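Chain letters run A, B, ... following the sequence lines, proteins first, then strands; residues in each count from 1. Any value given below was found using the heavy atoms of this structure, including those in side chains, with hydrogens, waters and symmetry copies removed. It should be emphasised that the depicted structure is a prediction, and the values quoted were computed from it without experimental measurement.
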Amino acid sequence: MNHQADRTRECKPVYRRFVLAAVLLHLLAVLAEPLAFFSRSDFQVAPEFFGLRQTLAPYVEWMYLDHGYFFFAPNPGPSHLVAIQQKNDEANSPRRLKSDARFFPDRKSQWPRLLYHRYFMLSEFYNNSFAPTELSEQDKTDRMFVERWESDRRFYESLQSSITKSQSVRRGLVGLESDRIELLRIERPLPSPEQVHRLGRRISDSRDLIVLPEGLETLVPPTVSGVP
Amino acid sequence: MIELERGPTGAMASRWNDFWETLDRFFFKPTDARILALIRIATGLMIAYIHLVWLLGLESFFGTESLLDDQALAMLHRNAWKWSYLNGQEPLWFACLHEVIALGSGLAMALGCWTRWTTVIAWFLTLMTAHRLAPFLFGLDQIVLMLSMYLSISRCGDSWSLDQRFGLTQTFDKHWRNTLATRLIQLHLCVIYFFGGLGKARGWMWWDGTAMWYSAASYEYQSLDMTWIGRYPTLGSILTHATLFWEITYAGLVWPRLTRPWVLAIALLVHAGIAIFLGMITFGAMMIVANLAFLVPSQPGIKSAAIREPCGASN
């Protein structure tokens, strides 16, 4: 018997059709999420892609295939950070960034770079999960919108509570109960080339940081932090 | 003429047979494991590194007092099929043990030690961590899990491995599962780039040529200052459009042998740029590694048609 032939393994013809069927199903699962993601509008998801995604949901989600592959898309946007600080004593005082606030992500304390990036992803996720404390009068008339907001708000509060109670946050604020800690959503806008090259603005300048409101944006304007 | 003599049914049957043969060769023609072994080594090392970093922040990421506790995790996954035994209530010692085993299996996978088992274990443990820590993940995790999933079905331990060196398991020169795994990596990559490109095409910055500047001007991403590109708006615009068109056309142009080297060369430049300037050295490196799936080991004397026998099938 030819030794070389022994060391080559062919797929048995009887199995090939089954393997191909499995491959086809798997490739449909790979396509299901981006197709559903891209065919989503304010009104609906294209029914055939929605159906495909729903049918394959257990496989797509558990196998971690549920990605839209939106890298730096549709546009590169501003970054979001989370500031951790002690709450003000007065209940209704404006939320301002304090000079002793800690941040995540933080290049100085979170090293190596991958660890920093993990915190950066959490701060972006926290910002994306934001649901305002209340709805406008117009939005309140839409029952489905209200239901979705209630669900989103519950999750946002749960995430907020989880972060403030965590060991890693409380470690930096020794002796402080978690209900005395507040998290601020911070945005760093992207500067234009003119602002950097003509006006000499540095992209790391913390004076540009914006504290995002927790309520309706129309009611509470964002505040520029002013921290040096 | 021949088709007329056969009649329409015969011609159709002939075409069907041609199609089936091409498909059969595309997915099943046995190939060697050298390229997959390279991908295995890089992916195994990256899996080990990923779990090392999770271990560095163990208390922050795992246990009942982590940044994402069991209640928040349950709400996040309330309507999703994301089961993991790491559910937010795991004791720290258990999470630590899990991460140490995952790190070890990543290293064993890289070394090619009982590869058929350690690759599956490394993929599974990384998947369990991914479901536990979803808010902390990004493109790196998508690529690493994608590669380790496909490597699990391959015979990537048959080259450059302890398995081969010391005969730990039976190895083969060529195996059909190497071809299948290579094809799945290639096709999955095409999906990633195609939709990545379509996503960018929805944004105006990728059309007016400013996306390169606004990527460079993000302080949180920046690892090496590239804001000098703002002084050369035409260069920034050309790079922006080159990235956009390369990404959209990747899925079509990476198959013909004429265009493949160019497409892969641009992939190398784009991902090296992401790694060096945008602070994602791990992600950039793994994307370059994934593109290795389109390399063909040297095969003198073979001049097959590009589409009928695309890369990998004619080894």
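- Interface remark: B:Leu23 contributes side-chain atoms only to the contact with chain A (heavy atom separation under 4.5 Å).
- One distance of note links OG1 of A:Thr8 with NE2 of B:His175; it measures 10.0 Å at 0.5 Å rounding.
- Two residues are said to be in side-chain contact when any heavy atoms from C-beta on lie closer than 4.5 Å; A:Ser166 and B:Asp69 fail this criterion.
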Could you walk me through whether A:Ile203 and B:Gln222 satisfy the side-chain contact (heavy atoms from CB on, under 4.5 Å) test, starting with their C-alpha distance in whole Å, then the side-chain angles of each, then the deciding distance to 0.1 Å, before giving a yes or no? CA-CA 10 Å; A:Ile203 63 169; B:Gln222 186 190 74; 3.2 Å; yes

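- Side chain to side chain, A:Ser79 and B:Ser218 meet the donor-acceptor criterion of an N or O pair below 3.5 Å.
- Looking at B:Leu133, there are no atoms closer than 4.5 Å to chain A (heavy atoms on both sides), in backbone or side chain.
- Of the atoms belonging to B:Met212, not a single heavy atom falls under 4.5 Å from chain A.
- Your options are B:Thr64, B:Leu73, B:Asp70, B:Leu76, and the one with the most heavy-atom pairs under 4.5 Å with chain A is B:Leu76.
- The side chain to side chain contact (heavy atoms under 4.5 Å, CB included) test with A:Val30 singles out one residue from B:Val191, B:Leu187, B:Leu184, and that residue is B:Val191.
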Kindly determine whether A:Arg118 and B:Asp141 satisfy salt bridge (charged side-chain N to carboxylate O under 4.0 Å, His left out), including the steps that lead there. CA-CA 11 Å; A:Arg118 296 299 187 197; B:Asp141 306 279; 2.7 Å; yes

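- Between the side chains of B:Ser60 and A:Tyr119, at least one donor N or O sits under 3.5 Å from an acceptor N or O.
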Assess the residue pair A:Lys165 and B:Glu65 against the criterion (salt bridge (charged side-chain N to carboxylate O under 4.0 Å, His left out)); give the C-alpha distance rounded to whole Å, side-chain angles, the decisive distance to 0.1 Å, and a yes or no. CA-CA 7 Å; A:Lys165 284 180 187 168; B:Glu65 293 191 316; over 6 Å; no

Does the side-chain contact (heavy atoms from CB on, under 4.5 Å) test come out yes or no for A:Phe71 and B:Met287, once each step is laid out? CA-CA 13 Å; A:Phe71 303 123; B:Met287 287 305 291; 5.8 Å; no

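- In this structure, chain A has heavy atoms under 4.5 Å from both the backbone and the side chain of B:Phe195.
- In terms of modelled atom types and a separation under 3.5 Å, the side chain of B:Tyr219 and the main chain of A:Arg202 share no donor-acceptor contact.
- Residue A:Ser129 does not touch chain B at all, counting heavy-atom pairs closer than 4.5 Å.
- Distance CG/B:Asp24 to CG/A:Leu20: 7.5 Å, rounded to 0.5 Å.
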When you look at A:Val196 and B:Trp228, which way does the side-chain contact (heavy atoms from CB on, under 4.5 Å) test go after all the steps? CA-CA 10 Å; A:Val196 172; B:Trp228 51 264; over 6 Å; no

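- In this structure, chain A has no heavy atom under 4.5 Å from any part of B:Ala134.
- Looking at B:Thr171, both its backbone and its side chain come within 4.5 Å of chain A, counting heavy atoms on both sides.
- Within the model, atoms CZ of A:Phe38 and CZ of B:Phe194 stand 8.5 Å from one another, a figure rounded to the nearest 0.5 Å.
- The side-chain heavy atoms of A:Pro112 and B:Val53, taken from C-beta on, include a pair separated by under 4.5 Å.
- Only one option out of B:Trp206, B:Phe283, B:Tyr214, B:Tyr221 pairs with A:Phe72 in a ring-ring contact (aromatic ring centres under 6.0 Å, His included); it is B:Tyr221.
- Looking at B:Arg78, only its side chain comes within 4.5 Å of chain A, counting heavy atoms on both sides.
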For B:Lys82 and A:Asp66, run salt bridge (charged side-chain N to carboxylate O under 4.0 Å, His left out): C-alpha distance rounded to whole Å, both residues' side-chain angles, the deciding distance at 0.1 Å, then the answer. CA-CA 11 Å; B:Lys82 295 279 185 183; A:Asp66 47 343; 2.8 Å; yes

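- Interface summary for chain A: among B:Asp225, B:Ile50, B:Ile192, the most heavy-atom pairs under 4.5 angstrom belong to B:Ile192.
- Cation-pi geometry between A:Arg16 and B:Trp176 is not met: the NZ or CZ atom fails to fall both under 6.0 Å from the ring centre and inside 45° of the normal.
- Remark: A:Leu65 CG to B:His188 NE2 distance equals 6.0 Å, nearest 0.5 Å.
- At a 4.5 Å heavy-atom cutoff, the contact between B:Leu127 and chain A is made by side-chain atoms alone.
- In terms of heavy-atom pairs under 4.5 Å with chain A, the best-connected choice from B:Gln71, B:Gln142, B:Met75 is B:Gln142.
- A heavy-atom distance below 4.5 Å is not found between the side chains of A:Arg9 and B:Lys174.
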